[in-house]
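Structure, as structure tokens:
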There are 2 protein chains.
Amino acid sequence: MPALEQLPACPVETTLTLISDKWKMLIVRDLLDGTKRFGELRRSVGNVSQKVLTSNLRQMEADGLVSRKVYAEVPPRVEYSLTETGRSLRIVVDAMWRWGEQYKAGLASVRHG
Amino acid sequence: MPALEQLPACPVETTLTLISDKWKMLIVRDLLDGTKRFGELRRSVGNVSQKVLTSNLRQMEADGLVSRKVYAEVPPRVEYSLTETGRSLRIVVDAMWRWGEQYKAGLASVRHG
DNA sequence: CTGCATCCTAGTGGATACTG
DNA sequence: CAGTATCCACTAGGATGCAG
């Protein structure tokens, strides 16, 4: 977890520091559907390299947004899910979802007069 | 304005493409308070270089989020404000604001037991 | 004051190969 | 399958100087 003192004063900036990496919001979006294995997540997120996905997940784990569960199996199985805090990001994802839809609806209506 | 077809299918991704640059959400945050001059905006946003702020503003203008008004004065005066669409980003900024506050409150309570 | 143009740096993110 | 280790490319972003 980051130290409280080193987070920006502005709450908006705090949020940005935690989730503005290229894939983090998409990871949250997908994990809101429930626990996923690494490979599964990688496919659903889109065009992420394995290295970058791992790195983003590690940071999110350190920030208390994601939890990681390793099963002692062969082949290995690792499952990722959102923590309580991670799930609370739903309000942000939802806001983005709604805004994105509105925006595209706006474009479409302009287009068709 | 971007072409509808070239935006991602997922509304969340659409939103991200439009506002995930380093400073854009902060620009929105600050312009929600009302019209601002370039220099004023630069100071309120924080540590942005002039070039980058200009570039972000130009993109946001092209995306229909910001409008730019130039006054024929010496010295020049340029004012930026949010368009209707830009103002509708308030729901996203608000969600981020609330989440950031919660997050910090959580850190504080853990800290103090 | 605002805005270009130029140059330069840093760091994210991608490709690949290899391990447990 | 998941992860680590390199190596590399790219470009967002910063610094500076000049112009209208």
Side-chain angles (χ1 to χ4, degrees), chain A residues 2 6 8 12-13 15-31 34-63 65-82, chain B residues 2 6 8 12-13 15-31 34-63 65-82:
Chain A
Q6 75 193 13
V12 177
E13 291 184 56
T15 302
L16 289 173
T17 8
L18 292 170
I19 54 87
S20 73
D21 273 317
K22 191 170 175 183
W23 304 102
K24 289 186 179 173
M25 281 312 279
L26 301 180
I27 293 172
V28 173
R29 176 197 65 185
D30 291 343
L31 289 184
T35 299
K36 280 195 160 70
R37 300 185 55 164
F38 182 85
E40 201 181 352
L41 186 56
R42 186 171 174 201
R43 266 170 272 122
S44 73
V45 162
N47 211 341
V48 218
S49 72
Q50 185 261 17
K51 175 187 129 183
V52 172
L53 181 56
T54 300
S55 142
N56 279 355
L57 284 168
R58 289 287 188 285
Q59 290 170 39
M60 294 171 81
E61 204 188 346
D63 292 338
L65 304 180
V66 157
S67 74
R68 175 171 178 268
K69 179 158 187 188
V70 184
Y71 293 84
E73 301 178 358
V74 176
R77 180 162 122 235
V78 181
E79 290 187 344
Y80 291 91
S81 55
L82 293 177
Chain B
Q6 76 194 12
V12 177
E13 292 184 56
T15 303
L16 288 172
T17 13
L18 293 170
I19 54 89
S20 72
D21 273 316
K22 190 171 178 185
W23 305 101
K24 289 187 179 173
M25 281 312 280
L26 301 180
I27 292 172
V28 173
R29 176 197 66 185
D30 291 344
L31 288 184
T35 299
K36 280 194 159 69
R37 298 185 58 164
F38 183 85
E40 198 181 354
L41 186 56
R42 188 172 173 198
R43 266 170 272 121
S44 73
V45 161
N47 208 341
V48 219
S49 72
Q50 183 263 10
K51 174 186 132 186
V52 171
L53 180 56
T54 302
S55 142
N56 279 355
L57 285 168
R58 288 288 187 284
Q59 289 170 39
M60 294 172 80
E61 204 187 347
D63 292 337
L65 304 180
V66 158
S67 75
R68 175 172 180 267
K69 180 157 187 187
V70 184
Y71 294 83
E73 302 177 358
V74 176
R77 178 160 125 235
V78 181
E79 291 186 343
Y80 291 92
S81 55
L82 293 176

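Residue numbers begin at 1 in each chain, while the letters A, B, ... track the order of the sequences.
- Take A:Thr54 and apply the side-chain contact (heavy atoms from CB on, under 4.5 Å) test, not counting sequence neighbours, and it matches A:Phe38, A:Gln50, A:Arg58.
- Here B:Asp30 pairs with B:Ser44 under the side chain to side chain donor-acceptor pair (under 3.5 Å) rule; sequence neighbours left out.
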Got a list of side-chain donor-acceptor pairs under 3.5 Å for residues 65-75 of chain A, not counting sequence neighbours?
| unit_1 | atom_1 | unit_2 | atom_2 | d |
| --- | --- | --- | --- | --- |
| A:Ser67 | OG | A:Ser81 | OG | 3.2 |
| A:Arg68 | NE | A:Tyr80 | OH | 3.3 |
| A:Tyr71 | OH | A:Glu79 | OE1 | 3.0 |
| A:Glu73 | OE1 | A:Arg77 | NH1 | 3.2 |
| A:Glu73 | OE2 | A:Arg77 | NH1 | 2.8 |

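- Taken from CG in A:Asn56 to CD1 in A:Ile19, the straight-line distance is 11.5 Å, to the nearest 0.5 Å.
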What does the list of N/O pairs under 3.5 Å between the protein and nucleotides 6-13 of chain D look like, with a distance for each?
| unit_1 | atom_1 | unit_2 | atom_2 | d |
| --- | --- | --- | --- | --- |
| D:dG13 | OP1 | B:Lys22 | N | 3.2 |
| D:dG13 | N7 | B:Lys51 | NZ | 3.4 |
| D:dG13 | O6 | B:Lys51 | NZ | 3.1 |

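- One atom, OH of A:Tyr71, and another, C1' of D:dG3, lie 18 Å apart when rounded to the nearest Å.
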Using nucleotides 1-3 of chain C, report all nitrogen or oxygen pairs with the protein that are shorter than 3.5 Å.
| unit_1 | atom_1 | unit_2 | atom_2 | d |
| --- | --- | --- | --- | --- |
| C:dC1 | O3' | B:Arg37 | NH2 | 3.0 |
| C:dT2 | OP1 | B:Arg37 | NE | 3.1 |
| C:dT2 | OP1 | B:Arg37 | NH2 | 3.4 |
| C:dT2 | OP1 | B:Phe38 | N | 3.4 |
| C:dT2 | OP2 | B:Gly39 | N | 2.9 |
| C:dG3 | OP1 | B:Arg68 | NE | 3.1 |
| C:dG3 | OP1 | B:Arg68 | NH2 | 2.6 |
| C:dG3 | OP1 | B:Tyr80 | OH | 3.1 |
| C:dG3 | OP2 | B:Tyr80 | OH | 3.3 |
| C:dG3 | N9 | B:Gln50 | NE2 | 3.4 |
| C:dG3 | N7 | B:Gln50 | NE2 | 2.3 |

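- Nucleotide C:dG13 holds its P atom 10 Å from the CD1 atom of A:Ile27, rounded to whole Å.
- Separating the CD atom of B:Glu73 from the C1' atom of D:dG20 is a distance of 15 Å, rounded to the nearest angstrom.
- Put simply, CZ on B:Arg42 and NZ on B:Lys36 are 15.5 Å apart, with the number rounded to the nearest 0.5 Å.
- A:Arg29 is linked by a salt bridge (Lys or Arg N to Asp or Glu O under 4.0 Å) to B:Glu13, counting only residues two or more places apart in sequence or in another chain.
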Residues 21-28 of chain A side chain polar contacts: donor-acceptor under 3.5 Å, at least two apart:
| unit_1 | atom_1 | unit_2 | atom_2 | d |
| --- | --- | --- | --- | --- |
| A:Asp21 | OD2 | A:Lys24 | NZ | 3.1 |
| A:Lys24 | NZ | A:Gln59 | OE1 | 2.9 |

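- A:Pro2 approaches A:Ala62 most closely through the heavy-atom pair CD-O, 4.4 Å.
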